[in-house]
Structure formats: C-alpha cells, structure tokens
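Accompanying notes for the structure given below.
Residue numbers start from 1 in every chain, and the chains themselves are labelled A, B, ... in the order their sequence lines are given, proteins ahead of strands. Note that this is a predicted model, so its numbers are computed, not measured.
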2 protein chains.
Amino acid sequence: MSTKSSPRAPQRSRTASPNRRERAVDHRAAGAAAAPTFKPIHTRRTFEEICERIREQLALGVLKPGDKLPAERELAQQLGVSRNVLREALRSLEMAGVLRLQKGVKGGAFIQQGDTRRMNEVMRDMLSLGTISVRELSEARVHVLDLVVQLACANARRADLDALEANIERTELATREGRLLDRVECSREFYKLLAASTGNKVIAMIVDSVTEIHMRFVYAKVASSGVAMARLAEKRRQFLAALSERDVALASRLLRSHLESVQRMLEQDPGAMSLHVALADVQPGMRR
Amino acid sequence: MSTKSSPRAPQRSRTASPNRRERAVDHRAAGAAAAPTFKPIHTRRTFEEICERIREQLALGVLKPGDKLPAERELAQQLGVSRNVLREALRSLEMAGVLRLQKGVKGGAFIQQGDTRRMNEVMRDMLSLGTISVRELSEARVHVLDLVVQLACANARRADLDALEANIERTELATREGRLLDRVECSREFYKLLAASTGNKVIAMIVDSVTEIHMRFVYAKVASSGVAMARLAEKRRQFLAALSERDVALASRLLRSHLESVQRMLEQDPGAMSLHVALADVQPGMRR
DNA sequence: TTCCATTGAATGGGTGATCCATTTAATAAT
DNA sequence: ATTATTAAATGGATCACCCATTCAATGGAA
C-alpha cells in the first residue's frame, strides 16, 4: 500500500512552488521500519500557521496598526501557499478585527486599530450556543456596573460628565417626541459613556459587550410591547448628580435600583423574551 | 464603455450554478437612464453573508451544539456559492469557536459547545494592537478579582473549595520540588477555579481572559529571573480559609495585598516585561 | 495651463476543476 | 471470526482563471 502511486495520469507541475511547505512529511517512508520517532500530532493546518505568523509579527511589534501586508498574490508566494488558503487566513484575521481588506490599487490588508466591539460578538456567540445564560449575563452586568460606578466616581473627568449630560438631554428629547426606540439607543450610549468614564478600556470593553446584549432585549421588549421606563431621564439626572459629587454610595444605590426596575420590566411577560428575538439581527454592532 | 464585453474568448460556463447569487445586479443597464432607485450600498461580501446565515440559524435555535452542517460541496451548492468562498466562511466560524471541522467520512462541520477561551484571544489581540495597555489590564484584573471574591464568598460550593484546596496542595508540591514554572501554572489554575466558584460563567470568562494574559507576564518573569513569590501556598491557604468562612472583608484584603506584591515583583526590572516576550507564543490557551 | 474623461494596472472578490490525506464502512481474504 | 483491503466521502490545498473596484497616469478639450 505504501508504494501505491497516484493512479491519475497528468499529475501536473506540483512541487513547483519555491517554499514548498514542510508539512508534507512523507508518511510512506515511515511505514513500519526502524523509526521510534513519534512525530507529534501535526494536525496544524496551513491557515492556522499563517494566522499565527501574522499574529506573531504583531506581538513582536514588527507589524503595527496602519501597516499594510503584501498583496495576496505576493504574500502567498512568499509563504509558499496557494492564494486561496492565504485568503482563508486573512478572512479569519479580518473577522478577528485584526485586519481590514481593501480593494483596488493601493488596496491591501491593513492592520487595524483594535476593534473593541469584537467582544460583543464573543458574548453573542456564547449566548447563542447556550454556553452562558441570559441570567448569568444580567447578573454579571449588575455587578460589573457596580464596579464601574466606583471607578467612574473616582476617575470621571469633566468631559465624561459633560458627555453624559448631553446624552441625558438627548434622552429627554426622545422622550418628549415619543421616539421610544431612540431612547433605548440613548440608553445604550449612556452606559457606553459611563463605562468610558472609568478611564479603563478593558473595563469599558467588558461593560459594552454585556450592555450591548442587554439592550437587545430591552429593544425587543420596547418594540413589541411599547412599554417604556418611566421617569428615565429624571433618574439619570439624579445619578449623574451623585456621580458628579463623587458620591459612590448614592450613585451605586440609584443605579442598582434602576437596573432592578428594568429587570422587572423585562421579566414580566417572559414569553416575548426569547433569545432569537433579541439576537435575530446578527449584524448590528458590527456597523462600520 | 458599457457595451464592452470581455475580450477573452472561451468564457466558460458561468451562470451555470442553480442559485446564482443575486449580487450581480447589472451595473451596465443602470448607466444614466431613468432609474432613481438608489440600491443600498451592498458592499457585503459573500462570506459575510454566509457567516451571518449560519449565525442566524444558531440564534434561532435551528442549529444547536453537536449538529452537523451539510458537507462543503453540498452546502456550497445549496447556497449557490463556490466551495472556496464557503470555506472562508467556515474558517471564520471555526476561528470564532462556533464550528469545528473534522475530516474523513462522517466528518463535517460540527457546531461546538461555546469555547470560553475565545475571549482570551480577543484580549491578546487588543494588547498586541495597542488598543489596551498592560496597565489597564492589570487594573481591571484587580478590580474584577475583588468582585470575584465577593461573589465567591456568597456562592462558592463545597466542591469549589475542595478544588481550590487540591490546587494549593499541588502548589506546595511544586514549591518543594522547585518546579517554579509549574507553580505559575498552578496559579493560573487557582484563579480559574476561583472564578468558577462564583457560579457565573460570564464573570469566569472575563477573569480567565484577563488572568491568562497576566500569567504570561508572570511566567516570563519567573522563567527569565528565577524569582518566585515567597510563601505562596501559605498565603493561598489563609485566603481559602477566609473564603470558606465567607469572610469577604478578610479574603478581599488578603487577595488585594497579594496582588500588589505580585505587581511589585513584576515591576522591578521592567525591561524584561516587554509585550512580545509575554505574547510571543501565540498559540497556548488554544490547545485542544 | 487647467480640467476632466479615458485608460490601464494592481488588488481584493469569487469561481470551478482537480488532486491529496484522512477517516470510516463495506467487502474480501484468511 | 478475524483481519486486511478497498472504496467512498469529506475536509485540505492548489491552480488557473475571471470580475469589480480603485486610483494613478495619460491625453485631449476648454
């Protein structure tokens, strides 16, 4: 069996590529003879290797945001792989938010500034796959937001508070004009601004991802039932006042009680709260 | 210009696919004539659409972990796309931890149980890209771990405490035998167990991702300098005792002071703390 | 000269055909 | 019955194209 050659005739000009991959390690010769060398698993596929190489260059600082990779055709040749498999790797990195591919002359694969929205997608997938539950997510959100309040009280700058103020004004306007769904959008932004005011992007990223999902449920609820949180802007103002005065205890209490009331709103009529309604539109949050 | 046909001769049998994609919307006919219909942007690429469709099926619950997608050749035909572009989509989903591809007869694309390690990769990329800083990461870790202690005190079960106990014993053994690097591995696991004891997988996932990176720095430090945290297991025991007695204040204080001493250890000789040393090996954490 | 249309090359997007390696079930040989 | 062989299905990878977009260079008209 080991000597069986391909029955096909032409066989073309394979092994023509300069850097032929070393993966083809000749399984035939190692048949049953004198080699106690257990080559490790070796299931690593080409595109994984490519991703790894590129990430390596990134970690090493050789590649930085804004840099451009060689054109696909050229890079493929450099790596000694086909263009298709290179594209699989580039696709993966693009989905990971590491690259952005741009067409045309002067196009190419550009290293991106990290896109923090990517964590949202992780959360969504985990939820879709049933790895995490809505309950765990809500619970985590409450706790993390409590932490956020502490940090925001400690670190929020004037500009942060102003941005929150402006957000509340937009909320009031939307309320007056009865644009309920816009108000939900304002809420999403409120928490984003609040998270940013901690001055810690890691925390902000976590809060954003968890809030993004939460807001989908709120959105679905508001869109389907038309209910709306009463005195929203008013509560926000009270909270912002506490935050401005660095009153952690008060701010924390206000937010927690608000979150609880939102939770109650969501939980009445739980039938409408199905996962797929909230997660249905897969794309938002990925808008560019 | 609009009537210019392809100069090439053969042109092959294109448009032969049954479900030809509707993307080819005939740009020629819409030249300058009577159509005020602004077709929306439509820059969406095929593979994105495919990913979206599959994620949609997931969110809807039509696809569940363990399910198998049709074979590539067949699915490509169903979707009316080439196998290559389908593979790009599958690759992306695989990297996202949603799918796993398996070779051979009875192989195929299987929906996975969500892999929480995926968030680690997001954090690593963010760090590599300079979107977040090591400082922010450490800070976030301290705060989140403080939260974890609270939750663990409230929710840790007997089994969780036992697992922590067992971990400490392994730590002691590694210490006695001078296996410093193994001890770092024990530490990583300690925090993983601690995070799990909160009973909230979202929190656990966050802690794990942040800890995973932190431990790379510790590992690099220990590997290069040979220094080691003094009285580690002892401190762990004290902490575990506090946790067992649900003494939040004490446990929190103990952990915080430990984290601070680790931080001091890392920060002396900051030259060895470069990013690329810690992030160099891209793959770990993705071991299967 | 200045401005605008045309052209052409580079680049990512996408296709189809073909081959390889692995895995498993069915089949044949012992 | 057990074991080796074969065959088929499937993911992995390659090659050779073609298309659409983008943009710099070119060239002609104002």
Side-chain angles (χ1 to χ4, degrees), chain A residues 1-2 4-17 20-21 23-28 41-50 68-77 79-91 94 99-110, chain B residues 1-2 4-17 20-21 23-28 41-50 68-77 79-91 94 99-110:
Chain A
M1 140 223 204
S2 58
K4 191 190 89 173
S5 182
S6 175
R8 305 301 214 293
Q11 188 70 347
R12 284 222 279 240
S13 66
R14 296 186 63 83
T15 69
S17 311
R20 201 68 185 80
R21 319 235 57 243
R23 291 177 54 260
V25 276
D26 194 8
H27 299 273
R28 291 154 299 267
I41 25 177
H42 184 303
T43 319
R44 195 78 124 313
R45 289 159 297 175
T46 312
F47 88 99
E48 287 178 295
E49 197 103 19
I50 298 173
K68 192 177 95 165
L69 262 46
E72 291 184 355
R73 291 164 175 83
E74 184 188 331
L75 185 52
Q77 199 176 23
L79 293 167
V81 301
S82 76
R83 197 182 151 212
N84 278 327
V85 81
L86 170 64
R87 292 179 101 243
E88 286 178 14
L90 294 180
R91 278 285 115 81
E94 191 188 15
L99 295 179
R100 184 168 144 246
L101 302 185
Q102 209 163 13
K103 271 216 233 179
V105 186
K106 298 293 170 189
F110 296 88
Chain B
M1 137 225 201
S2 58
K4 192 190 90 173
S5 181
S6 174
R8 304 301 213 293
Q11 186 70 348
R12 283 224 277 242
S13 66
R14 297 186 62 82
T15 68
S17 310
R20 201 67 184 81
R21 322 237 49 246
R23 291 174 54 260
V25 276
D26 194 8
H27 299 273
R28 292 155 299 268
I41 24 176
H42 187 304
T43 318
R44 195 81 121 311
R45 290 161 296 176
T46 312
F47 88 99
E48 288 178 297
E49 196 103 19
I50 298 172
K68 193 178 92 163
L69 262 46
E72 291 184 355
R73 292 163 175 83
E74 185 188 329
L75 185 52
Q77 198 175 24
L79 293 167
V81 301
S82 76
R83 198 181 151 212
N84 279 325
V85 80
L86 171 64
R87 279 167 66 79
E88 286 179 14
L90 294 180
R91 278 286 116 80
E94 191 188 15
L99 295 179
R100 184 169 143 247
L101 302 184
Q102 209 163 13
K103 270 214 232 178
V105 185
K106 297 294 169 189
F110 296 88

Within this structure, what is the [atom1]-to-[atom2] distance between [X] and [N], rounded to whole angstrom?
{"X": "B:F47", "N": "C:dT15", "atom1": "CZ", "atom2": "C1'", "answer": "17 Å"}
{"X": "B:R87", "N": "C:dT15", "atom1": "CZ", "atom2": "C1'", "answer": "14 Å"}
{"X": "B:K106", "N": "C:dA25", "atom1": "NZ", "atom2": "C1'", "answer": "8 Å"}
{"X": "A:N84", "N": "D:dC17", "atom1": "CG", "atom2": "P", "answer": "14 Å"}
{"X": "B:E74", "N": "D:dG11", "atom1": "CD", "atom2": "C1'", "answer": "15 Å"}
{"X": "A:R45", "N": "D:dT14", "atom1": "CZ", "atom2": "C1'", "answer": "17 Å"}
{"X": "B:R73", "N": "C:dT15", "atom1": "CZ", "atom2": "C1'", "answer": "15 Å"}
{"X": "B:I50", "N": "C:dG13", "atom1": "CD1", "atom2": "C1'", "answer": "12 Å"}

Requested in this report: Output the distance between atom CD (B:E74) and atom CG (B:L86), rounded to the nearest 0.5 Å.
Outcome: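 The CG atom of B:L86 is 11.0 Å from CD of B:E74, to the nearest 0.5 Å.
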
Nearest to the side chain of [X], which nucleotide is it out of [options]?
{"X": "A:V105", "options": "C:dA10, D:dA13, D:dT10", "result": "C:dA10"}
{"X": "A:T46", "options": "D:dA13, D:dT14, D:dC23", "result": "D:dA13"}
{"X": "A:E72", "options": "C:dT15, C:dG13, D:dT14", "result": "C:dG13"}

Report task. Give B:R91 one of three labels, base, sugar-phosphate or nothing, depending on what nucleic acid heavy atoms sit under 4.0 Å from its own. Result ->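 Since only primed, P, OP1 and OP2 atoms lie under 4.0 Å of B:R91, the category is sugar-phosphate.
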
Query raised in the report: What is the nucleic acid contact for A:Q102, judged by heavy atoms within less than 4.0 Å: base, sugar-phosphate only, or nothing?
Result: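 Here A:Q102 touches the backbone only, sparing every base.
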
Query raised in the report: Taking atom types as they are modelled, is there a donor-acceptor pair under 3.5 Å from the base of C:dG14 to the side chain of B:R83?
Result: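 When only heavy-atom distances are counted, B:R83 does not reach the base of C:dG14 through any donor-acceptor pair under 3.5 Å.
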
Requested in this report: Check for a donor-acceptor pair, side chain of B:E48 on one end and backbone N or O of B:R45 on the other, with a separation under 3.5 Å.
Outcome: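 Yes; at least one donor-acceptor contact below 3.5 Å.
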
Query - A:K106 NZ: over 12 foreign heavy atoms closer than 6.0 Å - result: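 Atom NZ in A:K106 is not packed in, count stays at 12 or less.
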
Query raised in the report: Are any of the side-chain nitrogens in B:R91 or B:E88 under 4.0 Å away from the carboxylate oxygens of its partner?
Result: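 Between B:E88 and B:R91 there is no salt bridge, as every charged N stays at least 4.0 Å from the carboxylate O atoms.
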
Query raised in the report: Does the side chain of B:F47 reach to within under 4.5 Å of the side chain of A:R87, using non-hydrogen atoms?
Result: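 With C-beta onward as the side chain, the pair stays apart.
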
